[in-house]
Undergrad: 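Below: one structure in structure tokens.
To find a chain, count down the sequence lines: A is the first, B the second, and so on, and within it residues start at 1.
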There are 2 protein chains.
Amino acid sequence: MSVDMELAPKTKRAAGEPCCEPVVYPDVDRDRALRLATVAKALGDPIRLQLVDVLRKHAGKVCVCELVPLFDIAQPTLSHHLKKLRDAGIVDSERQGLWAYYYVLPGALDDFAGWLG
Amino acid sequence: MSVDMELAPKTKRAAGEPCCEPVVYPDVDRDRALRLATVAKALGDPIRLQLVDVLRKHAGKVCVCELVPLFDIAQPTLSHHLKKLRDAGIVDSERQGLWAYYYVLPGALDDFAGWLG
DNA sequence: GTTCCATATCGACGGACATGGATCTGACTG
DNA sequence: CAGTCAGATCCATGTCCGTCGATATGGAAC
């Protein structure tokens, strides 16, 4: 891979002139970048990533009491992570009596996966 | 989608007995989760996500002076974000005289894209 | 009612993060 | 050499994050 010479700024230029003309632009606008980054940020913690991994690979909804023993963290911490994933729109929950069941929202990761190619 | 009854904890149980047997496990071990989360965390900022988007869509290497005018942030802040992406193993840089050229490391996002499905 | 249980929320702590001004570094110019 | 420029680093600021103990909530069992 070599430097694209069309993008190489000219070495000599008038004082005050910017070093080069901008020729590249992001394909993702600010709003979409914000949405994509929100998902990425939610996945940017090992425990949350494993949580999503478990929920994604299991068809159906998983009881929180199943998730607690999988990680070496206190119950409030797990609850905090689940809330983060819910706030990011990746998972949702459903209560049944005492227990809460979590599941990955269908298509929640599609946009991100699509951007990632 | 309905609750998987095989996973539903029994309502009645002996005192001290856990509410249910764990039947789900993460396919991703702790180390891989850490590596995947590192990439996700680096992408968890709108500016860094747009940076990767620009660098990915442009074949070859892009001069920093091209990137600065694309965002409403100060130059040290942009440098900070580029360093984060470098530390995460997503991009690398190459100096040519006064200018620095950044590019996405080939395959840097493959593992993450593969996990995301 | 009371008691127990699963989960969520609160409050506080330490550490990490995003930001930008000032400054340093290294390279080109004259 | 001195002057200039691009980019990185340093430093200070305020904010957010991960963690967990304590507590609240709301349902089930007795």
Side-chain angles (χ1 to χ4, degrees), chain A residues 7-20 33-34 37-38 40-51 61-69 71-88 91-102, chain B residues 3 7-20 22 33-34 37-38 40-51 61-69 71-88 91-102:
Chain A
L7 287 181
K10 294 186 289 290
T11 294
K12 301 192 175 185
R13 66 194 187 284
E17 185 184 348
C19 76
C20 46
L34 194 63
T38 299
K41 184 189 271 187
L43 298 176
D45 179 277
I47 288 180
R48 287 198 294 267
L49 193 129
Q50 280 187 297
L51 278 171
K61 309 178 180 179
V62 180
C63 178
V64 172
C65 65
E66 301 264 352
L67 302 173
V68 172
F71 305 95
D72 273 342
I73 56 174
Q75 175 266 323
T77 306
L78 180 64
S79 199
H80 159 79
H81 285 307
L82 288 170
K83 178 170 164 51
K84 283 263 169 144
L85 290 172
R86 219 177 334 113
D87 290 346
V91 310
D92 204 356
S93 64
E94 181 183 301
R95 273 222 116 143
Q96 295 215 354
L98 283 179
W99 296 283
Y101 296 87
Y102 278 78
Chain B
V3 170
L7 288 181
K10 295 185 289 290
T11 295
K12 301 192 175 185
R13 67 194 186 286
E17 186 184 350
C19 75
C20 48
L34 193 63
T38 299
K41 183 188 271 187
L43 297 175
D45 179 279
I47 289 181
R48 287 198 293 266
L49 194 130
Q50 280 186 297
L51 278 172
K61 309 178 179 180
V62 180
C63 179
V64 172
C65 65
E66 300 264 352
L67 302 172
V68 171
F71 306 94
D72 273 342
I73 56 174
Q75 175 265 325
T77 306
L78 180 63
S79 199
H80 157 79
H81 284 307
L82 288 171
K83 178 170 165 50
K84 282 265 170 149
L85 291 173
R86 219 175 335 111
D87 290 345
V91 310
D92 204 355
S93 65
E94 180 183 303
R95 274 222 118 144
Q96 295 215 353
L98 282 179
W99 296 284
Y101 295 87
Y102 277 78

Undergrad: Hey, is the main chain of B:Leu34 close enough, under 3.5 Å, to the side chain of B:Thr38 for a donor-acceptor pair?
TA: yes

Undergrad: Calculate the interatomic distance between A:Arg86 atom CZ and C:dA8 atom C1'; express it in whole Å.
TA: 9 Å

Undergrad: So do the side chains of A:Tyr102 and A:Asp92 get within less than 4.5 Å of each other, counting heavy atoms only?
TA: no

Undergrad: Over how many whole Å does the gap from B:Leu49 atom CG to C:dA18 atom P extend?
TA: 13 Å

Undergrad: Over how many whole Å does the gap from B:Leu98 atom CG to D:dG3 atom P extend?
TA: 18 Å

Undergrad: Could you run down nucleotides 11-17 of chain C 5' to 3' and tag each one B, S or - for protein heavy-atom contact under 4.0 Å?
TA: ------S

Undergrad: Enter the inter-axis angle for the ends of the helix from C:dG1-D:dC30 to C:dG30-D:dC1 (five pairs per end, rounded to 10°).
TA: 10°

Undergrad: Both B:Ile47 and A:Ser79 contact DNA chain C. Which one's nearest nucleotide lies toward the 5' end?
TA: A:Ser79

Undergrad: Kindly write out the residues that satisfy side chain to side chain contact (heavy atoms under 4.5 Å, CB included) with A:Val68, not counting sequence neighbours, or none if the list is empty.
TA: A:Val64, A:Leu78

Undergrad: Counting heavy atoms from C-beta on, name the nucleotide in C:dT7, D:dA22, D:dG7 closest to the side chain of A:Pro76.
TA: D:dA22

Undergrad: If you round to the nearest 0.5 Å, how far is CD1 of B:Ile73 from OG of B:Ser79?
TA: 10.0 Å

Undergrad: Could you state the atom-to-atom distance from NE2 of A:His81 to P of C:dA8 in whole Å?
TA: 13 Å

Undergrad: Base, sugar-phosphate, or nothing for B:Ile73, non-hydrogen atoms under 4.0 angstrom?
TA: sugar-phosphate

Undergrad: Which listed nucleotide (D:dA6, C:dT7, D:dA8) is nearest to the side chain of A:Cys63?
TA: C:dT7

Undergrad: What residues form a side chain to side chain donor-acceptor pair (under 3.5 Å) with A:Arg95, not counting sequence neighbours?
TA: none

Undergrad: Using atom types as modelled, flag every donor-acceptor pair under 3.5 Å from a side chain in residues 41-51 of chain B to any protein atom, sequence neighbours excluded.
TA:
| residue | atom | partner | partner atom | Å |
| --- | --- | --- | --- | --- |
| B:Asp45 | OD1 | B:Ile47 | N | 2.9 |
| B:Asp45 | OD1 | B:Arg48 | N | 3.3 |
| B:Arg48 | NE | B:Ala42 | O | 2.7 |
| B:Arg48 | NH1 | B:His81 | ND1 | 3.0 |
| B:Gln50 | NE2 | A:Val28 | O | 2.8 |

Undergrad: Which part of the nucleic acid, if any, lies within reach of B:Tyr102 when heavy atoms closer than 4.0 Å are counted: base, sugar-phosphate only, or nothing?
TA: sugar-phosphate

Undergrad: In whole Å, I'd like the distance from the CD atom of A:Gln96 to the P atom of C:dT7.
TA: 12 Å

Undergrad: Check the distance between C:dT25's P and B:Gln75's CD and give it to me in whole angstrom.
TA: 16 Å

Undergrad: Ignoring hydrogens and geometry beyond distance, is the side chain of B:Thr77 in donor-acceptor contact with the base of C:dG20 at under 3.5 Å?
TA: yes

Undergrad: Calculate the interatomic distance between A:Lys83 atom NZ and D:dC16 atom P; express it in whole Å.
TA: 14 Å

Undergrad: What integer distance in Å separates B:Phe71:CZ from C:dT19:C1'?
TA: 15 Å

Undergrad: So, using side chain to side chain contact (heavy atoms under 4.5 Å, CB included) as the criterion, who are the partners of A:Asp87 when residues are at least two apart?
TA: A:Lys83

Undergrad: Walk me through whether A:Trp99 and A:Cys65 qualify under side-chain contact (heavy atoms from CB on, under 4.5 Å).
TA: CA-CA 8 Å; A:Trp99 296 283; A:Cys65 65; 4.1 Å; yes

